[in-house]
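Side-chain atoms are counted along with the backbone in the values below, which use heavy atoms only and exclude waters and symmetry mates.
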Amino acid sequence: MVKRVDQAESPMGKARQSQIQALIDQLVVGLQEREETLAIALLGALTGQNSFLYGPPGTAKSLMARRIAQAFDGDAYFECLMNRFSTPDDVFGPVSLRELKQDRYIRQIDGYLPTARFAFLDEIWKSSPAILNTLLTLINERLFRNGEHSLPVPLMALMAASNEVPQDDQGLDALYDRFLIRLMVSPTRRWDNFEQLLQQPPLDAPVEVQGRIPLAQWQQWQQQLTQVSLSPCTLAVIRHLRRQIETQGETLNLYVSDRRWQRAALLLKASAFFNDRRVTNQSDTLLLRHCLWSDPEHRDAVCQLVEQTVFEVACAEGEGLSKLYGEIDQWQEALQTLLFHQEPVYDTVEFYPQQYFFGGEEERRQKDRNRFFYVKAMATYQHGLARKEPIYLDFYVHQEQMNTRRPFHPMDTLGKEMDLVQCQFDEHGTLSIRYNDSGNFDSNAWVVNSFKPGIRHHRGDRRDKVDRAEVDSLLARVSRALARLEHTRSVAERELADYQGCCDTPFVPSNLVNHAMEGRLAQIADIELHALKCSQILALEAA
């Protein structure tokens, strides 16, 4: 019995989903074509994960960071535009001169990153190594060393932005890996949205947000969302993606650490949690599009890989079905070969102009290759006024000659080539025969009636003798495959009904949700098709 997994968590129904959707609707006002980007960055903040916004200047990256900070109670927000001249004082606070006089190197951190709950660092990769190295510990362990003490920082989420990614030789891979969510932010594309952008006033002023999230609620959510489970389907998608990355990682300039996988799994759980579910589904799994890519040039390929995997791995029970489908086709072909003639069997004789020394299976194959048509014919001279006595011909033609349209000489009863007789098969399998006592077939020749080989068994006729043990073995495999397909179809249909009831999410566009739905429908259709094929194979025995 399959447990229904995509159920609402409580009688409150879609309480959290409605709350988050209301926040997104307020925060996205005036931001054209930024709904998905803002929603996912907000999910990262709700989950305590860091986000990286990749895109050119002037695409509202800093504005989205300020808006997301406004979704939470409190004003502990820090923002800094980085450049090559930035110093640690600009980010972590200036050194206290009073403490320095007492030989203590302590920073005044109030109002700087170490005391912020939300922070935005623009052009992060342009800053100095001293800043980036300190930042690595701060955002990962949530600790900041100030003098002799390591202080816990209240940072809930950090957002960074740039129009570039770290180069391979800069030693910034570890810091880049700390940004779980990576979002592409492009200029406005659609003209109607761009026109609306031109007509509206600047969006520098903060928005009034109703229903802001208190710190205590955010902390409670951090404990609760870890109790969400990854569904078997989600695990199957991740397993398939890991295999794909192992084979395509170098091509896509892609490496996914265990830490990134673990935090990505937490993001999927958070997506389910804020959609009021206890277990993840395919809509959540689509968020991996924003967690796996590293190189912007390969981002689209990685996104396509995730979407295709979610489409194909629609039901965990169906994992490995493609291999089974191939086996079913092989079994069907093998059973057809065992039960029915695959080619016409002609009325031939075994003709051995030489002695053959073969035994067992090899002898059987040799005999099959040396099947001959035995032809008795009469040639009459039909040219000129003179009439000659008819000539009676008695010869053998190899069955393989039917495969060519070239003229050839048959063999006589002693196995020698008859140079005075010329034969040729046409496309319909009819043999034309000519005789010339000079061997010159360009001149007058005796014309012989055509010969049509007799067919003993037509293609598709049932064989008289079959390998019973092999047939029974194949039928047993097909029966087991049919049972598995029927079980998988039942599971897939139940999971589809569950998914249809809770597939909507504010974090994934509806067209991708529909794509995942189509994947489930396509998988069920494939299962039904191959189940029907299994039934047809089993019916061959009774045919």
Side-chain angles (χ1 to χ4, degrees), residues 333-471 543:
E333 182 178 352
L335 198 60
Q336 287 276 6
T337 302
L338 285 170
L339 294 177
F340 305 99
H341 292 284
Q342 302 304 299
E343 299 293 339
V345 178
Y346 291 94
D347 192 6
T348 60
V349 296
E350 297 179 12
F351 172 57
Y352 295 95
Q354 305 176 46
Q355 289 186 347
Y356 295 92
F357 299 95
F358 296 99
E361 180 65 20
E362 181 61 30
E363 180 183 8
R364 186 191 67 78
R365 289 198 297 267
Q366 186 65 31
K367 288 182 179 180
D368 288 343
R369 286 198 298 268
N370 288 280
R371 295 287 183 177
F372 287 80
F373 300 117
Y374 174 59
V375 183
K376 291 178 68 71
M378 180 179 69
T380 57
Y381 192 74
Q382 298 182 357
H383 298 276
L385 299 176
R387 296 183 61 86
K388 299 181 180 180
E389 293 296 326
I391 298 175
Y392 295 94
L393 303 175
D394 189 9
F395 58 86
Y396 291 89
V397 174
H398 199 294
Q399 181 178 333
E400 289 187 357
Q401 295 289 356
M402 294 186 70
N403 299 325
T404 180
R405 301 292 173 262
R406 294 190 301 270
F408 63 93
H409 300 294
M411 290 190 293
D412 63 17
T413 56
L414 298 178
K416 296 180 180 180
E417 193 173 82
M418 301 175 64
D419 295 335
L420 304 182
V421 180
Q422 185 186 71
C423 299
Q424 185 175 12
F425 279 101
D426 64 15
E427 65 272 14
H428 303 294
T430 300
L431 182 70
S432 62
I433 308 167
R434 302 176 70 197
Y435 174 83
N436 191 302
D437 53 9
S438 67
N440 182 8
F441 294 95
D442 293 333
S443 61
N444 295 338
W446 297 70
V447 178
V448 184
N449 292 334
S450 61
F451 169 77
K452 184 73 172 180
I455 297 179
R456 189 178 304 166
H457 297 289
H458 292 83
R459 180 179 181 179
D461 288 348
R462 181 177 284 274
R463 295 183 185 274
D464 297 329
K465 296 180 181 180
V466 299
D467 186 337
R468 192 70 255 169
E470 183 66 20
V471 169

Is there a side chain to side chain contact (heavy atoms under 4.5 Å, CB included) between Cys423 and Phe451 once you walk through the steps? CA-CA 10 Å; Cys423 299; Phe451 169 77; over 6 Å; no
As a quick check of understanding, evaluate side chain to side chain contact (heavy atoms under 4.5 Å, CB included) for Phe425 and Leu431, giving each step before the final call. CA-CA 4 Å; Phe425 279 101; Leu431 182 70; 3.7 Å; yes
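You'll find the side chain of His398 stays beyond 4.5 Å of the side chain of Phe408, heavy atoms only. Residues His341 and Arg463 meet the side-chain proximity criterion, which asks for heavy atoms closer than 4.5 Å. Side-chain contact between His457 and Asp464: present, with at least one pair of heavy atoms (C-beta onward) separated by less than 4.5 Å.
Here the closest non-hydrogen pair linking Asp394 and Lys376 is OD1-CG, 3.8 Å. Counting all heavy atoms, side chain and backbone alike, Tyr346 lies closest to Pro453 at CD2-CB, 3.8 Å. When all heavy atoms are compared, the tightest approach of Thr348 to Gln399 is CG2-OE1, 3.5 Å. Summarising the geometry of Arg456 relative to Asp347, their closest heavy-atom pair is NH2-OD1, 2.9 Å, with the distance given to 0.1 Å. The shortest heavy-atom contact between Met402 and Phe373 is SD-CZ, 3.6 Å. When every heavy atom of Tyr374 is checked against every heavy atom of Val349, the shortest pair comes out as CB-CG2, 4.1 Å.
Not one N or O on the side chain of His428 forms a donor-acceptor pair closer than 3.5 Å with the backbone of Thr430. Between the side chain of Gln401 and the backbone N or O of Gln424 there is no donor-acceptor pair closer than 3.5 Å. Of the possible donor and acceptor atoms, one in the side chain of Arg459 sits under 3.5 Å from a partner among the backbone N and O of Gln342. A donor-acceptor contact shorter than 3.5 Å links the side chain of His409 to the backbone of Val421.
Going from atom OH of Tyr435 over to atom CE of Met418 covers 8.0 Å, rounded to the nearest 0.5 Å. The distance from the CG atom of Asp419 to the CD atom of Glu417 is 5.5 Å, given to the nearest 0.5 Å. Expressed to the nearest 0.5 Å, how far CZ of Phe395 lies from OG1 of Thr413 amounts to 12.0 Å.
Within a 6.0 Å radius of CD in Glu470, other residues, nucleotides and ligands contribute more than 12 heavy atoms. Enclosure of atom CZ in Arg406 is not indicated, since only 12 or fewer non-hydrogen atoms of other residues, nucleotides or ligands lie within 6.0 angstrom.
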